[in-house]
Colleague: 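Have a look at this one.
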Amino acid sequence: MEEACYDFLDRLGVTYFRADHDEAMTIPMCHGVEQVLETKICKNLFLCNRQKTSFYLLLISGDKVFKTKYLSAQLGCSRLSFGDEADMQRLLGVQPGSATVLGLMNDTGHQVQLVIDRGVLQNERFGCHPCKNTSTLSLLTQDVLEKVIPAMAHTPIFVDLPEEDHA
């Protein structure tokens with residue numbers, strides 16, 4: 001799976017930097033890698049509705065606290081929760097801790113809606129795993145938006161999630 005990510009990026013002519021490291025399942029575990037790559041790594045959250053009929057991959061800045069109510073309101077759906085491991089494996093081909101925008105290349109049936117918090121777009125570079133959480137890639141954010149996502153034929157929904165809960 002990891003090699004397929006590199007082949008995919010190479011075919012698109014997308015330049016990337018790679019850092020190999022111990023398993024990094026959480027953003028705090030990624031902080032050292034961020035320093036090596038000089039790139040912020042975003043959270044990749046695999047979500048679903050209560051009925052498990054709608055699935056989402058949310059890309060959100062690593063330092064933001066995720067509040068379901070804000071995303072649910074912007075998507076017009078209720079009862080979002082984290083998707084389970086079996087659905088993540090079936091739809092994205094990855095295990096928990098390895099969710100990534102690059103996993104959408106496995107979602108050929110377009111069952112997962114990509115959702116991007118606009119805060120992620122503020123960085124020049126975009127950090128993500130290549131479908132395995134023992135490596136991290138640094139790509140130009142512009143390449144992710146203009147080459148990678150279109151090549152996977154996914155159309156993202158852009159949302160504005162707050163920095164903190166003001167309620």
Side-chain angles (χ1 to χ4, degrees), residues 1-20 24 27 30 33-34 37-49 52-64 66 68 70-77 80 82-83 87-162:
M1 190 64 228
E2 183 179 5
E3 288 301 319
C5 290
Y6 303 133
D7 291 344
F8 175 70
L9 294 172
D10 291 344
R11 278 194 312 274
L12 295 176
V14 172
T15 302
Y16 56 89
F17 301 102
R18 172 180 153 187
D20 295 323
I27 290 297
C30 292
V33 179
E34 288 179 331
L37 289 174
E38 298 180 354
T39 301
K40 289 287 188 186
I41 299 169
C42 70
K43 289 180 197 174
N44 297 267
L45 305 178
F46 181 67
L47 307 167
C48 66
N49 64 355
K52 291 188 173 186
T53 55
S54 297
F55 296 91
Y56 305 89
L57 180 64
L58 172 64
L59 310 184
I60 182 173
S61 298
D63 55 355
K64 276 193 182 180
F66 172 60
T68 307
Y70 297 116
L71 181 61
S72 294
Q74 291 184 54
L75 294 178
C77 61
L80 281 180
F82 290 100
D87 287 326
M88 183 185 294
Q89 177 65 43
R90 178 175 58 85
L91 296 170
L92 298 178
V94 298
Q95 299 296 318
S98 296
T100 172
V101 67
L102 295 172
L104 291 173
M105 66 185 185
N106 297 316
D107 180 31
T108 56
H110 298 92
Q111 294 178 274
V112 179
Q113 174 62 58
L114 177 60
V115 181
I116 302 174
D117 178 50
R118 285 190 177 89
V120 170
L121 307 177
Q122 294 174 2
N123 299 314
E124 180 183 354
R125 301 203 67 84
F126 179 92
C128 67
H129 295 309
C131 295
K132 188 173 181 188
N133 64 9
T134 55
S135 294
T136 301
L137 304 179
S138 172
L139 306 99
L140 288 172
T141 302
Q142 182 175 350
D143 282 347
V144 173
L145 289 174
E146 296 176 5
K147 295 178 182 177
V148 174
I149 294 170
M152 295 182 290
H154 277 72
T155 303
I157 295 173
F158 295 96
V159 296
D160 292 297
L161 299 175

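All values reported here derive from a predicted model rather than from experimental measurement.
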Colleague: Roughly how far, to the nearest 0.5 Å, is CG of Leu57 from CZ of Phe55?
Modeller: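 These two atoms lie 12.5 Å from each other.
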Colleague: For the pair Arg125 (side chain) and Thr39 (backbone), establish whether a donor and an acceptor sit closer than 3.5 Å, ignoring hydrogens and angles.
Modeller: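 Checked: no pair found.
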Colleague: Does some side-chain heavy atom of Leu102 sit less than 4.5 Å from a side-chain heavy atom of Leu9?
Modeller: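 Of all side-chain heavy-atom pairs linking Leu102 with Leu9, at least one is under 4.5 Å.
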Colleague: Does a side-chain heavy-atom distance below 4.5 Å link Val115 with Gln74?
Modeller: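 No, every pair of side-chain atoms sits at 4.5 Å or beyond.
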Colleague: I need the minimum non-hydrogen distance between Leu37 and Leu137, along with the two atoms involved.
Modeller: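 Between these two residues, the closest heavy atoms are CD1-C, 4.1 Å.
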Colleague: Can you find a side-chain donor-acceptor pair between Glu2 and Tyr6 that sits under 3.5 Å?
Modeller: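 Yes, Tyr6 and Glu2 have a side-chain donor paired with an acceptor closer than 3.5 Å.
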Colleague: Would you say Asp107's side chain and Val112's backbone share a donor-acceptor pair under 3.5 angstrom?
Modeller: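 Judged by distance alone, yes, a pair lies under 3.5 Å.
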Colleague: Do Leu161 and Leu58 have side-chain heavy atoms sitting under 4.5 Å apart?
Modeller: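 The answer is yes, as the side chains (C-beta and beyond) meet within the 4.5 Å cut-off.
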Colleague: Quick one: are Phe46 and Asp87 in side-chain contact, heavy atoms under 4.5 Å?
Modeller: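 Side chain of Phe46 against side chain of Asp87, heavy atoms only: contact under 4.5 Å found.
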Colleague: Give a yes or no on whether the backbone of Thr136 and the side-chain of His129 come within a donor-acceptor separation of less than 3.5 Å.
Modeller: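 No; judged by distance alone, with no hydrogens or angles, the pair does not exist.
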Colleague: Is the closest side-chain heavy-atom distance between Leu91 and Asn106 below 4.5 Å?
Modeller: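 They are not in contact (no side-chain heavy atoms under 4.5 Å apart), so the answer is no.
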Colleague: Are His110 and His154 side-chain neighbours, meaning at least one heavy-atom pair lies under 4.5 Å?
Modeller: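 Yes, side chains in contact.
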Colleague: Show the nearest heavy-atom pair for residues Ile116 and Pro156, with the distance to one decimal.
Modeller: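 Looking at all heavy atoms of both residues, the closest pair is CD1-CB, 3.7 Å.
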Colleague: State the OH-CD1 distance between Tyr70 and Ile60, to the nearest 0.5 angstrom.
Modeller: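 Atom-to-atom, Tyr70:OH and Ile60:CD1 are 11.5 Å apart.
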Colleague: Can you check whether Gly127's main-chain N or O pairs, donor with acceptor, with Ser138's side chain at less than 3.5 Å?
Modeller: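 Checking the backbone N and O of Gly127 against the side chain of Ser138, no donor-acceptor pair under 3.5 Å is found.
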Colleague: Is there a donor-acceptor contact under 3.5 Å from the side chain of Lys64 to the main chain of Lys43?
Modeller: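 No, Lys64 side chain to Lys43 backbone: no donor-acceptor pair under 3.5 Å.
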Colleague: Flag the pair Cys77 / Tyr56 as yes when at least one side-chain heavy-atom distance between them is below 4.5 Å, and no otherwise.
Modeller: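 Yes, at least one pair of side-chain atoms sits under 4.5 Å.
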Colleague: To the nearest 0.5 Å, what is the distance between SG on Cys48 and CD on Gln111?
Modeller: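 The CD atom of Gln111 is 12.5 Å from SG of Cys48, to the nearest 0.5 Å.
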Colleague: Write down the atom of Asn133, the atom of Gly97, and the distance for their closest heavy-atom approach.
Modeller: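 Nearest pair, atom of Asn133 first, then Gly97: CB-O, 3.2 Å.
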Colleague: Within this structure, what is the CG-CG distance for the pair Asn123 and Leu140, rounded to the nearest 0.5 Å?
Modeller: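 Going from CG on Asn123 over to CG on Leu140, the span is 12.0 Å.
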Colleague: Strictly distance-based, threshold 3.5 Å: is any side-chain N or O of Gln113 a donor or acceptor partner for the main-chain N or O of Thr155?
Modeller: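 Checked: pair present.
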Colleague: Does Asn44 use its side chain to pair, donor to acceptor, with the backbone of Cys42 at less than 3.5 Å?
Modeller: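 Answer holds: yes.
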Colleague: Got Glu124 and Glu38 here, is their nearest side-chain heavy-atom distance under 4.5 Å?
Modeller: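 No, their side chains stay 4.5 Å or more apart.
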Colleague: First locate atom CE of Met105, then atom CE of Met152, and finally report the distance between them rounded to the nearest 0.5 Å.
Modeller: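 If I round to the nearest 0.5 Å, the distance is 8.0 Å.
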Colleague: Please check if the side chain of Ser61 supplies one atom and the backbone of Asp63 the other of a donor-acceptor pair under 3.5 Å.
Modeller: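 It does not hold such a pair.
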Colleague: If you measure from CG on Leu45 to CG on Leu80, what distance do you get to the nearest 0.5 Å?
Modeller: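 Here the rounded value is 11.0 Å.
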